[in-house]
Structure formats: structure tokens, C-alpha cells
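Order of appearance sets the numbers: ligands from 1, and atoms from 1 within every ligand.
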Amino acid sequence: MGVKFRHVVMILVVISASMFSVSMANTDWSFGFNYTDWWSRFGNHPQNKTQQQSRQILVGGSEHWHYGFNYTDWAFNNAPFYLNDTLVFKYDAPNPTSFPHSVYMFKSFGSFLKCDIKKAKMLANPTQGTGEGFKFVLKRWQPHYFACGERNGFHCNNGTMKFAVMPMFRPSWQWP
Ligand SMILES: *[C@@H]1O[C@H](CO)[C@@H](O)[C@H](O)[C@H]1NC(C)=O
Ligand SMILES: *[C@@H]1O[C@H](CO)[C@@H](O)[C@H](O)[C@H]1NC(C)=O
Ligand SMILES: *[C@@H]1O[C@H](CO)[C@@H](O)[C@H](O)[C@H]1NC(C)=O
Ligand SMILES: *[C@@H]1O[C@H](CO)[C@@H](O)[C@H](O)[C@H]1NC(C)=O
Ligand SMILES: *[C@@H]1O[C@H](CO)[C@@H](O)[C@H](O)[C@H]1NC(C)=O
Ligand SMILES: [Cu+2]
């Protein structure tokens, strides 16, 4: 009996709520505030999928991956990076006119600072930067320490071929 009574009350609440929204639609209760506009800015409504897709980022931009370009500076200017973004390293195959390059990853911030290549893992050898380039997907939510491993850390140390990236979670909405 009590259960049925509560059901009746709930139904009445639903009916009066829908009546209220009908009257909302007919009368301007918003006093000029545009709720549609506000919701379209902040609400989690259907998104522009193009903007949601993870990006392919060319490391160094048009400079590609070479000795003497400041990649710390580049990473700072191109932050934030997001999870599932792809970093693309492009560099020439070893040839008589340019230094060979490679892509290494450090496990710790300490070995990154010192360019201790012996403690780094090779991700791409000197021939893997040709054509489409070497691609690395930022899959893990952790700092990533990249460097060129050539000349036992000289390219990393003196050639500034090193940078760190901390991928972020992509927000599900956009600021206006
Ligand atoms: C409210 O904003 C929406 C989306 O920007 C727009 O389409 C609509 O015309 C606006 N309504 C009024 C009353 O300004
Ligand atoms: C989504 O955003 C991209 C880039 O900002 C734009 O080129 C495209 O036209 C947008 N698509 C829609 C359906 O709004
Ligand atoms: C590279 O850029 C960073 C950030 O702008 C700066 O702190 C650093 O001194 C630069 N390194 C070199 C070798 O110029
Ligand atoms: C990244 O991509 C993988 C597989 O495509 C997906 O399962 C995962 O949820 C994505 N992560 C984020 C944070 O978008
Ligand atoms: C490191 O680079 C600087 C210029 O950026 C140069 O003056 C110096 O001689 C280089 N160090 C070595 C060991 O070659
Ligand atoms: Cu190099």
C-alpha cells in the first residue's frame, strides 16, 4: 500500500515537472540568459571529432631532428602534449654530409640531465628517421625523456638534442 502511494507521488512529480518545462518553453524565465549558448560552451554535448583526435606532432617542426636545435625550448613552446599523441622524429640516414642521429629514451630524470646514454634505451637507430620518420605514441601517463644517442651523449649534451614530455589527459570539453 505504502509502495503504491509513493509511486503515485513520483508520477505526480514527473507530470508536474514536465508541465513546468512546457511552461518554461512558452515563457521566458531566463531573463535574457542564453542557456543553450552556455550549455553548448561547457556541456558535454556532441563534440567536433576532428579536434578530439590524437595528433601527429613533428618533433622540431620544420627543423626536424638535428644537432644544435634547442628541443627543450621546442617542447616548452609546443606543450601541452596529450595521451595518444604521436611524436614523429625525422632525420636523414647516415651520409657523408650530415651527422647520424637516433632516438633514445632515459628511464630517469637524473640520467636525462647528465645525458647518460649508457642508461638509456634505443627506440630508433640512425636509419629509422627516414621517409615517414620514426613514430612514438605517448601511451603512458608519465614523464618521457627523449634524446639523440649519437657520439655517446655528445649530441644530447652539447647538441641540445634532448627534451622531456609529460602527456596530459585530453579534456572532454573545450574552453570558449
Ligand atoms: C542562444 O545561443 C544559441 C547557440 O549559440 C543560438 O543558436 C541561439 O540563437 C541563442 N538564442 C538567443 C535567444 O539568443
Ligand atoms: C571541426 O574542427 C576542425 C578544425 O578546427 C574544422 O576544420 C572542422 O570544420 C570542424 N568540423 C565541424 C563539423 O564543425
Ligand atoms: C634551450 O632553451 C631553454 C628554454 O628556453 C633554455 O633554458 C636553455 O638555456 C636553452 N639551451 C641552450 C643551450 O641554449
Ligand atoms: C588511447 O588509445 C587507446 C587505443 O586506441 C585507447 O584504448 C585509450 O583509451 C586511449 N587513451 C586515451 C587517454 O585517449
Ligand atoms: C660544445 O658546443 C659549444 C658551442 O655550442 C662549443 O663552443 C664547445 O666547444 C663544444 N664542446 C665540445 C666539447 O666540443
Ligand atoms: Cu644527433
ask   = Can you find an N or O of Asn70 that's nearer than 3.5 Å to an N or O of ligand 3?
value = yes

ask   = Checking side chain to side chain contact (heavy atoms under 4.5 Å, CB included) for the pair Phe146/Leu87: CA distance, chi angles, key distance, verdict?
value = CA-CA 11 Å; Phe146 297 99; Leu87 295 180; 3.5 Å; yes

query = Do ligand 3 and Asp73 have nitrogen or oxygen atoms that lie under 3.5 Å from each other?
reply = yes

query = Is there at least one protein heavy-atom neighbour under 4.0 Å from atom 7 (O) of ligand 3?
reply = no

query = Above 12 or not: heavy atoms from other molecules or residues under 6.0 Å from CD of Gln142?
reply = yes

Over all atoms of both residues, closest heavy-atom pair of Met105 and Phe136 = CE-CZ, 3.6 Å

Nearest candidate to atom 11 (N) of ligand 4, where distance is taken over non-hydrogen atoms, out of Leu83, Asn84, Asp85 = Asn84

For the student: nearest non-hydrogen atoms of Ser54 and Arg170, plus distance = CA-NH2, 4.1 Å

inquiry  = With heavy-atom distances below 4.5 Å as the criterion, would you say the side chains of Phe89 and His64 are in contact?
reply    = no

inquiry  = Around the Cu ion (ligand 6), how many protein N, O or S atoms are found at less than 2.8 Å?
reply    = 4

request  = Go through Phe69 and Tyr71 one step at a time and tell me if the ring-ring contact (aromatic ring centres under 6.0 Å, His included) criterion holds.
outcome  = CA-CA 6 Å; Phe69 185 75; Tyr71 290 93; 4.9 Å; yes

key: Close side-chain approach of His101 to Tyr67, heavy-atom, < 4.5 Å   = yes

query = With atoms numbered from 1 as shown, which atoms in ligand 3 lie under 4.0 angstrom from a non-hydrogen atom of Thr160?
reply = 13 (C)

query = How about Tyr82: does its OH atom have over 12 heavy atoms from other parts shown lying under 6.0 Å from it?
reply = yes

